[in-house]
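This report concerns only the one structure given below.
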Amino acid sequence: MNPLDPLKILFDEPRGRRLPVPRPLSRVYGPLRFPLSSKKPYVLGNFATTLDGVVSLGVPGASGGGEITGFDPHDRLLMGLLRAASDAVVVGAGTLRAVPRHLWTAEHVYPTMAPQFAEFRRRLGKAPTPLNVVVTASGRVDLALPVFSSGKVRVLIVTTHRGAQRLRGAKSLPDVDVAAVGRTGPLRAKAVLRAVALTGRHKIVLVEGGPHLIGDFFGEGALDELFLTLSPQIAGRRDAATRPGMVAGRLFAPEHPLWGSLVGVRRGASALFLRFKFPGRSPASARPRSRE
């Protein structure tokens, strides 16, 4: 693969501590800073959307973020960089079903930079791979999938007490733990973060979807920043259920709109890489629906 051209930095607010990103990665992305605190995790979201607001095509075998960005290499490198910086990556069961062969590691999305991602994690004093966290109220996940059975990542399944009963088979998997945080769904974002904190891997937590999960993090004021890739694609919709937007299951505007502040803009070819910070307080919102 040819080396990537550096992203053009259009705006970058200098806030937080500059992380020790290895030169081959910083040459493409530029500096990466986070305002870290020792008192609570710093929670990031990372999504990609088309120009018309679609985050998943809702087509079997083509429901992941790669189809949204056209597998844009700059977007893949950014995904890898954020995963390499994170202690844990959190996804919902719907995201797992959309990309069932996936592992939420940096090298999985950008393998040619695997040595640089590994060096980055060593400089940060982190484990070789981030904790993969799967959130499922029902416990209906296939434990034969690679994320659970490959032995390449440590996994925490956050579920309800009923879901934990369905997941009794996870006890035989040496790299999988189950945390029951409620009797029934939906699961609260802050309960998920508490379960992650008990593992000790919680300084930087990355949330990668899906729309209901990120909606809960927004709704509880539990998301500090959002990295959003704006892809130059028009996907179209027949209905919103099959091709969702970034947030589902929560209603903020017009009564209680949730406003972010732009803190970064980068450009790679025709794609924009946006970064927003959020206030970290719970807005009033619609009651979330029960989910898997």
Spatial distance of atom CG (L7) from atom CG (L77) [nearest 0.5 Å]: 8.0 Å

For D224, side-chain hydrogen bond (donor to acceptor under 3.5 Å, both in side chains) partners two or more places apart: K40

Heavy-atom side-chain contact between F47 and T229 under 4.5 Å: no

Salt-bridge present (D12, R33; N to O < 4.0 Å): yes

Minimum heavy-atom distance between V196 and A88, given as atom pair plus value: CG1-CB, 3.9 Å

Rounded distance [0.5 Å steps], CD1 in I214 versus CZ in R250: 12.0 Å

Gap between atom CG of L274 and atom CG of L228 - 0.5 Å precision: 5.5 Å

Check: G58 main-chain N/O paired with R243 side-chain donor or acceptor under 3.5 Å: no

Closest approach of S86 to L82 (non-hydrogen atoms, all atoms of both residues): OG-O, 2.7 Å

Check: L206 and V90 side chains under 4.5 Å, non-hydrogen atoms: no

Distance, nearest 0.5 Å, that separates CG of L4 from OG1 of T112: 7.5 Å

Any L226 side-chain heavy atom under 4.5 Å of L44 side chain: no

Any pair counted as salt bridge (charged side-chain N to carboxylate O under 4.0 Å, His left out), so long as it reaches residues 178-188, sequence neighbours left out: R188-E220

Heavy-atom check, side chain of T160 versus side chain of V181, under 4.5 Å: no

From CA spacing to verdict: side chain to side chain contact (heavy atoms under 4.5 Å, CB included), L230, F273: CA-CA 6 Å; L230 184 61; F273 301 88; over 6 Å; no

Donor-acceptor contact present, side-chain S270 to main-chain P232, <3.5 Å: no

Heavy-atom closest contact (D5 atom, H74 atom, distance): O-NE2, 2.7 Å

Donor-acceptor contact below 3.5 Å, side chain H102 vs main chain R97: no

Qualifying residues under side-chain hydrogen bond (donor to acceptor under 3.5 Å, both in side chains), relative to E225, sequence neighbours excluded: R15, Y42, R275

Test: D177 and R154 ion pair at under 4.0 Å: yes

Steps toward side chain to side chain contact (heavy atoms under 4.5 Å, CB included) verdict (L81, Y110): CA-CA 9 Å; L81 184 63; Y110 208 89; over 6 Å; no

Note, L131 side chain near W104 side chain (heavy atom, < 4.5 Å): no

Gap separating the CG atom of L96 from the CZ atom of R101, nearest 0.5 angstrom: 11.0 Å

Beyond-backbone contact of I9 with P31, side-chain heavy atoms, under 4.5 angstrom: yes

Members besides L198 in its Ile/Leu/Val/Met/Phe/Trp/Tyr cluster (side-chain heavy atoms under 4.5 Å): none

Nearest atoms (heavy-atom pairs only) where V55 meets P211: CG2-CG, 4.0 Å

Exercise: identify the closest heavy-atom pair between F218 and F252: CB-CZ, 4.0 Å

Partner set under salt bridge (Lys or Arg N to Asp or Glu O under 4.0 Å) for E119, not counting sequence neighbours: R122, R123

Which residues share a side-chain hydrogen bond (donor to acceptor under 3.5 Å, both in side chains) with Q116, sequence neighbours left out: none

V91 and V133, any side-chain heavy atoms less than 4.5 Å apart: no

Least distance between heavy atoms, L103 atom then K152 atom: CD1-CD, 3.8 Å

Approximate separation, where rounding is to 0.5 Å, of T49 OG1 and Q233 CD: 9.5 Å

Residues S138, R166; criterion side chain to side chain contact (heavy atoms under 4.5 Å, CB included); working and verdict: CA-CA 8 Å; S138 70; R166 285 198 177 98; 4.1 Å; yes

Within-4.5 Å side-chain heavy-atom neighbours: K203 and D87: yes

Cation-pi geometry met for R83 and F117 (6.0 Å, 45°): no

Side chain to side chain contact (heavy atoms under 4.5 Å, CB included) between N46 and V207, intermediate numbers included: CA-CA 6 Å; N46 185 31; V207 182; over 6 Å; no

